[in-house]
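These notes are about the structure you will find just below.
Sequence positions, counted from 1, serve as the residue numbers for this chain.
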Amino acid sequence: MNVERLNKVLKIIVVVFTIIGLLLSINMLFYLELFGFNPIQNSYLYYILACFIPTSFLIFPAKKGQKVKWFDYIFAPVSLCILIYFGLNGERMILQGWEWTAPPIATYFSIVLWALLLEALRRTGGLVLSIVCFLISLYPLIATSVPVSFLQGQSYDFFTIARNHIMSSNSVLGIPLITVGNLILGFLVFGVVLTHSGGGDFFFKLAQSLFGRYRGGEAKVAIVSSAFFGMLSGSAISNVITTGAMTIPAMKKSGYKPHYAGAIEAVASTGGSITPPIMGSAAFIMASFLAIPYYEIALAAAIPALLYYMGLIVQADGYAAKNNLKGLPKEKIPSLLQTLKSGWYYLFALVLLVVFLVVLNSEGQGAYYASLVLLIIAMINKSTRMNAKQLFNMFVDIGKVLAEIVCIIAGVGFIVGALSATGVSFSFSRELVAAAGDSMILILIGGALTSFILGMGMTVSAVYVFLAIIMAPALVTIGVDPVAAHLFVVYWATVSYITPPVALAAFAASGIAKASPMKTGFTAVRLGIVTFLVPFFFVYQPALIGRGEPLEIVTSVISALIGVFILASALEGYLVGIGRLQNYFVRLLVLIAGLCMLIPGMMTDIIGLTIALLILFSHKFIKPINVSIENNQEV
């Protein structure tokens with residue numbers, strides 16, 4: 001984190017603006033009208049930006065490791081004044097159509113804020129994302145003269161573009177930022193409160209008590225604890241750095257090679273952004289795009305997340321079996337009962353959050369209630385009670401997290417605004433369907449490659465927003481389930497975190513593991529194979545995301561679980577019931593069997609199951625297969 005560059009006065013400023021931002025959000029979501037203050041939607045969003053854009057210039061340096069500079073002290077108040085001006089004039093803006101004809105001062109302010117938002121985006125989301133958003137934001141200048149027909153659209157002059165980006169409801173103030181203001185802020189607060197109150201340690205001990213005794217116990221603890229932490233933080237990189245500092249050395253000490261330990265942590269951490277109940281910010285934006293309750297997105301993502309982690313655990317277990325790695329010593333395994341007794345309120349807070357999401361359908365309010373309950377119980381408990389300094393630092397961290405997501409999502413709004421204003425978002429998806437000849441597989445492959453390439457330089461949220469506009473509609477047009485189409489984009493946007501040449505999560509893990517970055521990255525690709533395959537399968541078989549009749553869902557899930565188990569066993573070269581798969585032909589057959597079980601369709605299931613049973617029968621009774629048998633224990 002970059003808060004070290006802040007002195008005490010600047011930290012106080014960050015905390016004050018953070019508290020004001022949270023009060024604005026709570027006032028809006030709970031309809032409190034504190035002090036008679038009840039701004040309209042666009043004014044509310046401007047005020048949220050006013051709380052976190054200025055502080056981003058204080059928290060995030062222009063260059064890595066740089067102290068707060070003189071220009072930071074200029075950018076922060078200038079952006080604050082402009083945003084407050086827009087907030088105060090929110091109603092006039094709508095009534096008088098300022099996105100088309102605004103007073104000169106508002107137009108000039110729009111240009112300045114455009115530049116400041118791009119700079120804030122560069123600091124928080126990286127140079128590549130900032131450049132992409134900048135270039136696309138200028139696209140309406142040349143949309144008419146683009147030589148490619150399906151990229152042509154309505155052009156505008158520079159001042160009109162600036163007004164539209166800043167003052168219309170389709171760009172910076174579009175669906176992504178509305179989702180942040182109405183939904184995501186509370187969940188981010190919950191994640192920080194849970195971490196500062198000791199939730200990370202609790203989930204790590206819980207994983208140890210549940211899985212530590214089994215072979216390869218350290219790896220299974222890493223997988224489960226990283227899944228817990230990742231689904232709350234939604235950030236693969238921060239997850240690797242936070243939990244990996246504990247899990248990677250432990251895995252290495254238990255016998256896992258450095259590159260393998262790093263790859264396990266990278267894959268487990270990356271999976272957090274696609275794991276309910278919280279997932280990442282892209283999932284909340286998806287719910288807004290599809291105009292459905294967030295819990296439907298979470299339920300749809302549950303089965304693929306289960307398959308994802310099952311594939312990882314099976315491979316980690318196979319590695320432990322091949323190398324005769326034991327579980328944790330009994331004296332090092334925390335008591336499950338004692339662990340639950342000391343940290344039951346973390347699980348209670350999660351259950352409370354789920355109740356608000358699913359039963360009460362109060363998504364925005366639920367996260368704040370859960371955070372408050374968790375904070376109160378943590379303050380009552382002597383072991384987790386925070387003093388004034390710790391509470392202060394927690395609010396500094398909340399300010400940092402919220403400033404980062406607000407800057408990124410506001411910047412991504414430029415993409416939405418440019419493509420919507422020119423009309424390219426509609427023509428592109430239409431032409432994409434025509435070019436692919438209504439071929440679903442071609443569109444899926446194109447979308448997967450695009451998601452992967454964009455993911456190398458952009459956040460998952462940015463990739464999702466971009467492709468939700470231009471590609472997801474094309475998939476829906478040819479009959480793909482809307483939720484499946486949008487989840488497909490999110491899954492493939494996460495792939496770049498574990499896939500070379502970028503593989504940010506894998507490379508971060510390799511640094512902790514002191515292993516080769518590329519070797520760690522390619523190992524992560526194998527361990528995370530489900531991420532590459534399952535999105536294709538749930539597009540063709542929506543039952544894998546819970547979209548279908550109950551019987552169809554049950555049979556599809558059972559088939560997929562068996563398929564992932566067999567596929568992961570083939571990739572690791574170890575199959576429970578047989579042992580080490582030394583014969584490459586047999587290993588290939590096991591791989592084919594797993595793929596057949598995953599491919600939708602009764603016939604492929606029968607073929608896959610038949611191959612698997614024949615291999616098992618041959619080993620048990622005929623034994624012509626060249627495999628080495630080792631002493632097994634349960635996964």
[atom2] on [Y] to [atom1] on [X], rounded to 0.5 Å:
| X | Y | atom1 | atom2 | answer |
| --- | --- | --- | --- | --- |
| Glu119 | Thr124 | CD | OG1 | 9.5 Å |
| Ile512 | Met246 | CD1 | CE | 10.5 Å |
| Leu177 | Ile184 | CG | CD1 | 9.5 Å |
| Ile175 | Ser169 | CD1 | OG | 9.5 Å |
| Asn27 | Leu34 | CG | CG | 4.5 Å |
| Thr494 | Ile274 | OG1 | CD1 | 5.0 Å |

Side-chain heavy atoms of [X] within contact of [Y], under 4.5 Å:
| X | Y | value |
| --- | --- | --- |
| Leu49 | Val172 | yes |
| Ile136 | Phe466 | yes |
| Leu402 | Leu185 | yes |
| Met379 | Leu391 | yes |
| Met286 | Leu487 | yes |
| Val463 | Trp492 | no |
| Pro176 | Val416 | yes |
| Val267 | Tyr308 | yes |

**Message:** Looking at Gln390, I'd like to know if its CD atom is crowded, meaning that more than 12 non-hydrogen atoms belonging to other residues, nucleotides or ligands lie closer than 6.0 Å.
**Reply:** yes
**Residues Asp72, Arg123: salt bridge by 4.0 Å N-O rule** =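 Yes.
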Any chance the side chains of [X] and [Y] put a donor and an acceptor closer than 3.5 Å?
| X | Y | value |
| --- | --- | --- |
| Asn381 | Ser383 | yes |
| Ser25 | Tyr368 | yes |
| Glu265 | Ser226 | yes |

**Request:** With Phe202 as reference, evaluate Phe348, Tyr345, Tyr346 under the ring pair (Phe, Tyr, Trp, His ring centres under 6.0 Å) test and give the passing residue.
**Result:**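 With Phe202 as partner, ring pair (Phe, Tyr, Trp, His ring centres under 6.0 Å) holds for just one option, Tyr346.
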**Asked** ring pair (Phe, Tyr, Trp, His ring centres under 6.0 Å) with Phe75: which of Trp70, Phe57, Phe60?
**Response**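 Result for ring pair (Phe, Tyr, Trp, His ring centres under 6.0 Å) with Phe75: Phe57.
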**Item:** Within the 6.0 Å centroid threshold, strictly below: Tyr47 and Phe52
**Value:**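 No, too far apart.
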Testing the basics here: between [X] and [Y], what is the closest heavy-atom pair and its distance to 0.1 Å?
| X | Y | answer |
| --- | --- | --- |
| Leu45 | Ile178 | CD1-CG1, 3.7 Å |
| Asn164 | Glu99 | ND2-O, 3.0 Å |
| Ala282 | Val490 | CB-CG2, 4.3 Å |
| Thr270 | Ala505 | OG1-CB, 3.6 Å |
| Leu118 | Ser130 | O-OG, 3.1 Å |
| Tyr46 | Ile166 | OH-O, 2.6 Å |

Ignoring hydrogens and geometry, is there a side-chain-to-backbone donor-acceptor pair from [X] to [Y] under 3.5 Å?
| X | Y | result |
| --- | --- | --- |
| Ser171 | Gly413 | yes |
| Ser79 | Ala76 | yes |
| Ser197 | Leu194 | yes |
| Thr101 | Trp98 | no |
| Tyr156 | Ala421 | yes |
| Arg122 | Val128 | no |

**Request:** Apply side chain to side chain contact (heavy atoms under 4.5 Å, CB included) to Arg92 and Asn89, showing your working.
**Result:** CA-CA 5 Å; Arg92 285 182 62 200; Asn89 287 279; 3.1 Å; yes
Review item, side-chain donor-acceptor pairs of residues 35-43, under 3.5 Å, at least two apart:
unit_1: Asn42; atom_1: ND2; unit_2: Gly90; atom_2: O; d: 3.0
unit_1: Ser43; atom_1: OG; unit_2: Gly87; atom_2: O; d: 2.7

Output side-chain donor-acceptor pairs under 3.5 Å for residues 103-113, partner residues at least two apart or in another chain, one line each.
unit_1: Thr107; atom_1: OG1; unit_2: Pro103; atom_2: O; d: 3.4
unit_1: Thr107; atom_1: OG1; unit_2: Arg163; atom_2: NH1; d: 3.2
unit_1: Ser110; atom_1: OG; unit_2: Ala106; atom_2: O; d: 2.8

**Asked** Should the ring pair Phe187 and Phe284 be called parallel, tilted or perpendicular, given that the plane angle runs from 0 to 90° and is split at 30 and 60?
**Response**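 Rings of Phe187 and Phe284: tilted, as their planes differ by 30° to 60°.
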**Request:** Could you check Phe134 against Trp114 for ring-ring contact (aromatic ring centres under 6.0 Å, His included), going step by step and ending with a plain yes or no?
**Result:** CA-CA 9 Å; Phe134 171 63; Trp114 185 358; 7.3 Å; no
